[in-house]
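Report on the following structure.
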Amino acid sequence: MSLLLVGHWNGRSDAAAQDERAQWLSALQEALPHEEWLVQPPTDPAQAAKVEVAIVANPLPGSLQGLPNLKLIQSVWAGVDKLLNDATLPPEVPLARMVDPAMNEAMVHTALWAVLSLHRRFFELAAQQREAQWQSLKYRRASEWRVLVLGLGELGGRVARALAGQGYAVSGWATRQVTLPGVACSHGEDALAWELASANTVVNLLPLTLSTRDFFDAKRLDQFKKGSTLVNLARGAHVVEADLLAALDSGQVGHAVLDVFQQEPLPAEHRFWKHPQVTVLPHTAAQTDARTAAAVVAANVLALRAGRPLLHQVQRQRGY
């Protein structure tokens, strides 16, 4: 078996991206020490026929064509929307997404920081510091701060439970029925409208699908309780950016913490950079850790060989 490692890390092809790929290769070789590795799509038909597993991170469209014996596509990213948008992706080959324990922990930390900062008004205090203003701001108890987590998969479920563990009034919503211990869960448009109207902070961890693209448009943002806050840690395509800016300007949305954007890197002229009610993160809320993720990849390769069910296999009809 040959294992193919291919992809432009974080959409880049610069020296830093090459270093990152080298780190991945080293971690994967340590986890699977007896394998033959390729770092570029093979051009020789005989070599292409040997490839049974492709380990990918944001590969260019068409990169996985011409591999007649491919049996598994393993993404090292949690989101697979870009892969699923590649019309050349072999439809019969199982696709697995990455569920990395270290990345899950990092996402929980980021969500806790964002919600705590909004609840305790730390962003307002930081703005006061820039103006040399000394003024105490009142805040509510955590139990009085309602947090709505959208998306209750691996990441969303962990975030919801962690926030509840800090005493916040947490509810969760998903596009289908989900049960999560300790969290009041709902689904459906009617339930969502009520939840949005009740929440002080909305944390978005929805998967990006056809039904969730442009999820936060003017109509949806109008359903927010006036002055409530948004934390988007999922995908930039979930947000209609012009509509969010209008909601921020009017005060309908009080503050937005944004880690992802329609265009990345975020253009220097974009209004988000200097908007007083926006906190910009450069897509760093949670990054896959090659050291722990390599073990996840190895487990799926061994499962494939043994004929066992794959971990975290994507249901393509759902989009995640």
Side-chain angles (χ1 to χ4, degrees), residues 78-81 97 99 104 107-108 110-116 118-119 140-240 243-244 247 252-260 285-286 312 314-315 317-320:
V80 293
D81 45 282
R97 62 189 179 89
V99 177
N104 291 348
M107 185 63 82
V108 168
T110 300
L112 286 171
W113 161 81
V115 172
L116 181 63
L118 292 165
H119 159 227
R140 302 182 219 174
R141 298 175 183 176
S143 60
E144 298 172 324
W145 194 265
R146 295 186 59 84
V147 182
L148 171 62
V149 178
L150 301 181
L152 298 174
E154 185 74 24
L155 291 173
R158 287 174 180 266
V159 165
R161 292 194 298 270
L163 287 165
Q166 294 300 312
Y168 288 102
V170 180
S171 58
W173 184 90
T175 55
R176 57 192 178 90
Q177 187 171 357
V178 175
T179 300
L180 193 64
V183 177
C185 302
S186 63
H187 69 287
E189 282 294 322
D190 290 342
L192 177 59
W194 185 90
E195 294 284 7
L196 290 173
S198 304
N200 299 104
T201 296
V202 177
V203 179
N204 179 42
L205 284 166
L206 287 167
L208 181 62
T209 65
L210 288 176
S211 64
T212 64
R213 184 175 293 274
D214 295 336
F215 191 84
F216 296 99
D217 58 7
K219 180 180 178 181
R220 189 87 63 190
L221 294 168
D222 282 344
Q223 294 177 320
F224 278 41
K225 178 165 65 174
K226 188 171 180 64
S228 60
T229 54
L230 172 66
V231 179
N232 187 20
L233 306 177
R235 285 289 183 266
H238 283 130
V239 175
V240 180
D243 290 356
L244 177 57
Q252 173 63 15
V253 175
H255 197 100
V257 178
L258 306 175
D259 182 56
V260 287
H312 316 304
V314 172
Q315 299 183 45
Q317 69 276 16
R318 285 185 181 167
Y320 55 93

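Here the structure is a predicted model, which means the values were calculated and not measured. Values below: every heavy atom of this structure, side chains too, minus hydrogens, waters and symmetry copies.
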Please find the pair of heavy atoms, one from [X] and one from [Y], that lie closest to each other, and give the distance.
X    : Y    : answer
R220 : F215 : NE-O, 3.1 Å
A160 : L152 : CB-CD2, 4.4 Å
G156 : V149 : O-CG1, 3.7 Å
S143 : A169 : O-CB, 3.7 Å
E144 : N200 : O-OD1, 3.7 Å
L163 : A111 : CD2-O, 4.4 Å

Answer whether the closest heavy-atom distance between the side chains of L230 and V257 falls below 4.5 Å.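 No; the side chains remain at least 4.5 Å from each other.
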Are L148 and V203 side-chain neighbours, meaning at least one heavy-atom pair lies under 4.5 Å?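 With C-beta onward as the side chain, the pair stays apart.
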First locate atom [atom1] of [X], then atom [atom2] of [Y], and finally report the distance between them rounded to the nearest 0.5 Å.
X    : Y    : atom1 : atom2 : result
H255 : S228 : NE2   : OG    : 12.5 Å
L112 : M107 : CG    : CE    : 12.0 Å
L196 : D222 : CG    : CG    : 11.0 Å
Y168 : L116 : OH    : CG    : 4.5 Å
Q252 : K225 : CD    : NZ    : 11.5 Å

Do the rings of H119 and W145 sit parallel, tilted or perpendicular, given the 30° and 60° boundaries?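 Tilted: the ring planes of H119 and W145 meet at 30° to 60°.
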Output a table of donor-acceptor pairs, distance under 3.5 Å, between side-chain atoms of residues 170-182 and any protein atom two or more places apart or on a different chain; print 'none' if there are none.
from	atom 1	to	atom 2	distance (Å)
S171	OG	E195	OE1	2.9
W173	NE1	G188	O	3.0
R176	NE	Y320	OH	3.2

Give a yes or no answer on whether the side chain of D214 reaches the backbone of V240 with a donor-acceptor pair at less than 3.5 Å.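 No.
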Keeping the roles fixed (side chain from D243, backbone from D217), state whether a donor-acceptor pair exists under 3.5 Å.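 Between the backbone of D217 and the side chain of D243 there is no qualifying donor-acceptor contact (under 3.5 Å).
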I'd like to check the salt bridge (Lys or Arg N to Asp or Glu O under 4.0 Å) partners of [X]; sequence neighbours left out, ordered by chain and number.
X    : value
R97  : none
D81  : R235
R161 : none

Do L150 and V202 pass the side-chain contact (heavy atoms from CB on, under 4.5 Å) test, and can you show the C-alpha distance, the side-chain angles, and the key distance before you say yes or no? CA-CA 7 Å; L150 301 181; V202 177; 3.7 Å; yes
Return a table of donor-acceptor pairs under 3.5 angstrom between the side chains of residues 204-213 and protein atoms on other chains or two or more places apart.
from	atom 1	to	atom 2	distance (Å)
N204	OD1	L206	N	3.2
N204	ND2	N232	OD1	2.8
N204	ND2	H238	ND1	3.1
T209	OG1	S211	N	3.3
T209	OG1	S211	OG	3.0
T209	OG1	T212	N	3.4
T209	OG1	T212	OG1	3.4
T212	OG1	P207	O	2.7
T212	OG1	T209	N	2.8
T212	OG1	T209	O	3.4
T212	OG1	H238	NE2	3.4

W113: what forms a ring pair (Phe, Tyr, Trp, His ring centres under 6.0 Å) with it, not counting sequence neighbours?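 Expected list: F123.
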Audit row: V231, T201, side-chain contact (heavy atoms from CB on, under 4.5 Å) steps and yes/no: CA-CA 7 Å; V231 179; T201 296; 3.9 Å; yes
Start with the C-alpha distance between V159 and V115, add both sets of side-chain angles, then the distance that settles side-chain contact (heavy atoms from CB on, under 4.5 Å), and finish with yes or no. CA-CA 11 Å; V159 165; V115 172; over 6 Å; no
Stepwise, does the side-chain contact (heavy atoms from CB on, under 4.5 Å) test hold for V99 with N104? CA-CA 7 Å; V99 177; N104 291 348; 3.7 Å; yes
